[in-house]
Peer 1: 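Have a look at the structure that comes next, please.
In what follows, residues are counted from 1 in the order of the sequence shown. Counting starts at 1 for both ligands and their atoms, in listed order.
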Amino acid sequence: MVLAQKRLKRGFTVEIRDAQISDIDDIWDVFNLVVDEGIYLPVLSQVKNKADKRSWFYELASSGDFCLVAVLKGFDGSARVIGQITIETSDEWDGIEHVGMLGILVHPDYRNIGVGHSLLEEAFDEAMRRGKTKITLSVFHTNPRAIALYKKMGFVVAGVRKCQFWVNDGYVDEVLMEKFLNPVESFIRAR
Ligand SMILES: CC(C)(COP(=O)(O)OP(=O)(O)OC[C@H]1O[C@@H](n2cnc3c(N)ncnc32)[C@H](O)[C@@H]1OP(=O)(O)O)[C@@H](O)C(=O)NCCC(=O)NCCS
């Protein structure tokens, strides 16, 4: 389902919609490009296997979690996924269904034009529709663009795990961030 059409900087327009099975090669192409950059994710290996790509998609859908994609429309009618955002529920614990864990990636050629902002806006709405009241994420301290965007979108730093990852020949701090989708939620916790 198309959730929004967004006008971006540099004259681009993208459609934000639910990911479909036909998007998985594009989605994993973006992922693999970011893996190759080697500075943003604690992942070293690309995902190439078709079965792995498909099982990721079906597991996400069957667990009630979701992935939205940003689709760039060409004048010739072409359509290309240039970014994606996932909101997932931890399967490690019970009692955490109200929390969505966020992951976001934008194709290197289309950064800084508002794709990330657009994906986040739509993901917050979709997460609320699915009963999430809080979104959490983790980001390297060496990623000022992502941290600036998250703060602009209302995330605050919940903590820092010092030297949590070894990346590109150096230790990196993991910055943990969170955002309440409905600020009232922060006042109704049991004490
Ligand atoms: C982080 C990411 C998802 C953001 O998406 P994006 O489409 O580039 O973001 P947007 O264009 O919507 O917004 C980026 C903002 O950061 C700002 N920015 C860019 N570089 C910056 C820097 N070095 N320091 C501070 N702000 C910066 C931009 O000016 C823009 O803000 P503005 O709209 O107020 O001008 C994307 O850049 C990306 O995929 N990066 C690589 C993978 C990654 O880091 N994923 C997140 C891992 S936690």
Peer 1: How about F140 and Y40: are their ring centroids closer than 6.0 Å?
Peer 2: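 No, ring centres 6.0 Å or more apart.
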Peer 1: Return the residue, atom name and 0.1 Å-rounded distance of the protein heavy atom closest to atom 11 (O) of ligand 1.
Peer 2: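 Answer for atom 11 (O) of ligand 1: G114 N, 2.8 Å.
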Peer 1: With the threshold set at 4.0 Å, does a side-chain nitrogen-carboxylate oxygen contact exist between E126 and K132?
Peer 2: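 No salt bridge links E126 with K132.
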Peer 1: Which ligand 1 atoms does S138 reach within 4.0 Å, using its non-hydrogen atoms?
Peer 2: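 Those qualifying, in numeric order: 48 (S).
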Peer 1: Among K50, R54, K48, which one satisfies salt bridge (charged side-chain N to carboxylate O under 4.0 Å, His left out) with D25?
Peer 2: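 Of all the options given, the one that passes is K50.
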Peer 1: Out of all atoms in ligand 1, which are within 4.0 Å of some heavy atom of V115? Include the element for each.
Peer 2: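 Once the distances to V115 are compared, the set is 7 (O), 12 (O).
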Peer 1: Give the residue, atom name and distance (to 0.1 Å) of the protein heavy atom nearest atom 12 (O) of ligand 1.
Peer 2: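 Its nearest protein heavy-atom neighbour is H117 N, 2.8 Å.
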Peer 1: From the options E121, R145, H107, select the one whose nearest heavy atom is closest to atom 21 (C) of ligand 1.
Peer 2: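 Checking each option, the heavy atom nearest atom 21 (C) of ligand 1 is found in R145.
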Peer 1: What atoms in ligand 1 come closer than 4.0 Å to a heavy atom of L105?
Peer 2: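 Atoms satisfying the 4.0 Å criterion: 39 (O), 42 (C), 45 (N).
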Peer 1: Rounded to the nearest 0.5 Å, what separates atom OG1 in T13 from atom CD in Q5?
Peer 2: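 These two atoms lie 7.0 Å from each other.
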Peer 1: Closer than 4.0 angstrom: is that true for some heavy atom of P108 and an atom of ligand 1?
Peer 2: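 The answer is no: ligand 1 sits nowhere under 4.0 Å from a heavy atom of P108.
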Peer 1: Should K152 be counted as touching ligand 1, given the test is an N or O pair under 3.5 Å?
Peer 2: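 Yes, since at least one N or O of K152 sits under 3.5 Å from an N or O of ligand 1.
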Peer 1: Return yes or no for this condition: an N or O of Y150 is under 3.5 Å from an N or O of ligand 1.
Peer 2: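 No, no N or O pair falls under 3.5 Å.
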Peer 1: Give a yes or no on whether atom 46 (C) of ligand 1 lies under 4.0 Å from any heavy atom of the protein.
Peer 2: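 There is a protein heavy atom less than 4.0 Å from atom 46 (C) of ligand 1.
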Peer 1: Looking at I113, which atoms of ligand 1 are within less than 4.0 Å of one of its heavy atoms?
Peer 2: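 Listed by number with element: 11 (O).
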Peer 1: Report the residue from K73, R7, R80 that forms a salt bridge (charged side-chain N to carboxylate O under 4.0 Å, His left out) with E15.
Peer 2: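 That would be K73.
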Peer 1: Between D65 and R130, does any NZ, NE, NH1 or NH2 come within less than 4.0 Å of an OD or OE carboxylate oxygen?
Peer 2: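 A salt bridge is absent here (no side-chain N lies under 4.0 Å from a carboxylate O).
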Peer 1: Does an N or O from I104, backbone or side chain, lie closer than 3.5 Å to an N or O of ligand 1?
Peer 2: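 Checking ligand 1 against I104, an N or O pair does fall under 3.5 Å apart.
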Peer 1: For the atom pair OH (Y150) and NZ (K179), what is the distance rounded to the nearest 0.5 Å?
Peer 2: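 NZ of K179 is found 13.5 Å from OH of Y150.
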Peer 1: Do side-chain atoms of D23 reach the backbone of A19 as a donor and acceptor pair under 3.5 angstrom?
Peer 2: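 Not at all, since once roles are kept as given, no pair shorter than 3.5 Å links the two residues.
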Peer 1: Would you sort out whether L149 and R145 count as a side-chain contact (heavy atoms from CB on, under 4.5 Å), showing the intermediate values?
Peer 2: CA-CA 6 Å; L149 177 62; R145 173 174 44 212; 5.6 Å; no
Peer 1: For atom 38 (C) of ligand 1, what is the nearest protein heavy atom, given as residue, atom name and distance?
Peer 2: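 Nearest protein contact, heavy atoms only, for atom 38 (C) of ligand 1 is R111 NE, 3.5 Å.
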Peer 1: Under 3.5 Å, N or O to N or O, is K9 touching ligand 1 that way?
Peer 2: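 Yes, at least one N or O pair falls under 3.5 Å.
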Peer 1: To check your reading of the model: name the closest protein heavy atom to atom 8 (O) of ligand 1, its residue, and the distance in Å.
Peer 2: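 In this structure, atom 8 (O) of ligand 1 has N112 N, 3.0 Å as its nearest protein heavy atom.
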Peer 1: Is it the case that atom CD1 in I21 sees more than 12 heavy atoms from other parts of the structure closer than 6.0 Å?
Peer 2: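 Check passes, neighbour count above 12.
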Peer 1: Could you pull out, from P144, G83, A146, the option with a heavy atom nearest to atom 1 (C) of ligand 1?
Peer 2: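 Among P144, G83, A146, the closest heavy atom to atom 1 (C) of ligand 1 comes from A146.
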Peer 1: Should the proximity of N143 to ligand 1, defined as any heavy atom under 4.0 Å, be assigned to the side chain, the backbone, both, or neither?
Peer 2: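 Contact part for N143 vs ligand 1: side chain (C-beta onward).
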Peer 1: Quick check for you: to the nearest 0.5 Å, what is the distance between F66 atom CZ and L60 atom CG?
Peer 2: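 Between F66 CZ and L60 CG, I get 9.0 Å after rounding to 0.5 Å.
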Peer 1: Run the salt-bridge test on E174 and K162 with the 4.0 Å N-O cut-off and return the result as yes or no.
Peer 2: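 Between K162 and E174 there is no salt bridge, as every charged N stays at least 4.0 Å from the carboxylate O atoms.
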Peer 1: So between L149, L119, V175, V106, whose heavy atom ends up nearest atom 13 (O) of ligand 1?
Peer 2: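 The residue whose heavy atom sits nearest atom 13 (O) of ligand 1 is L149.
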Peer 1: Counting heavy atoms not belonging to D94, are there more than 12 under 6.0 Å from its CG?
Peer 2: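 No - once you tally the heavy atoms of other residues, nucleotides and ligands closer than 6.0 Å, there are 12 at most.
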Peer 1: Among all protein heavy atoms, pick the one closest to atom 25 (C) of ligand 1 and tell me residue, atom and distance.
Peer 2: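 That would be A148 CB, 3.6 Å.
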Peer 1: Consider every N or O of G116 and every N or O of ligand 1, then say whether any pair is closer than 3.5 Å.
Peer 2: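 There is such a contact, yes.
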Peer 1: Is atom 29 (O) of ligand 1 touching the protein, meaning some protein heavy atom lies under 4.0 Å away?
Peer 2: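 No, there is no protein heavy atom closer to it than 4.0 Å.
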Peer 1: Going by heavy atoms, is E37 under 4.0 Å from ligand 1?
Peer 2: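 No heavy atom of E37 comes that close to ligand 1.
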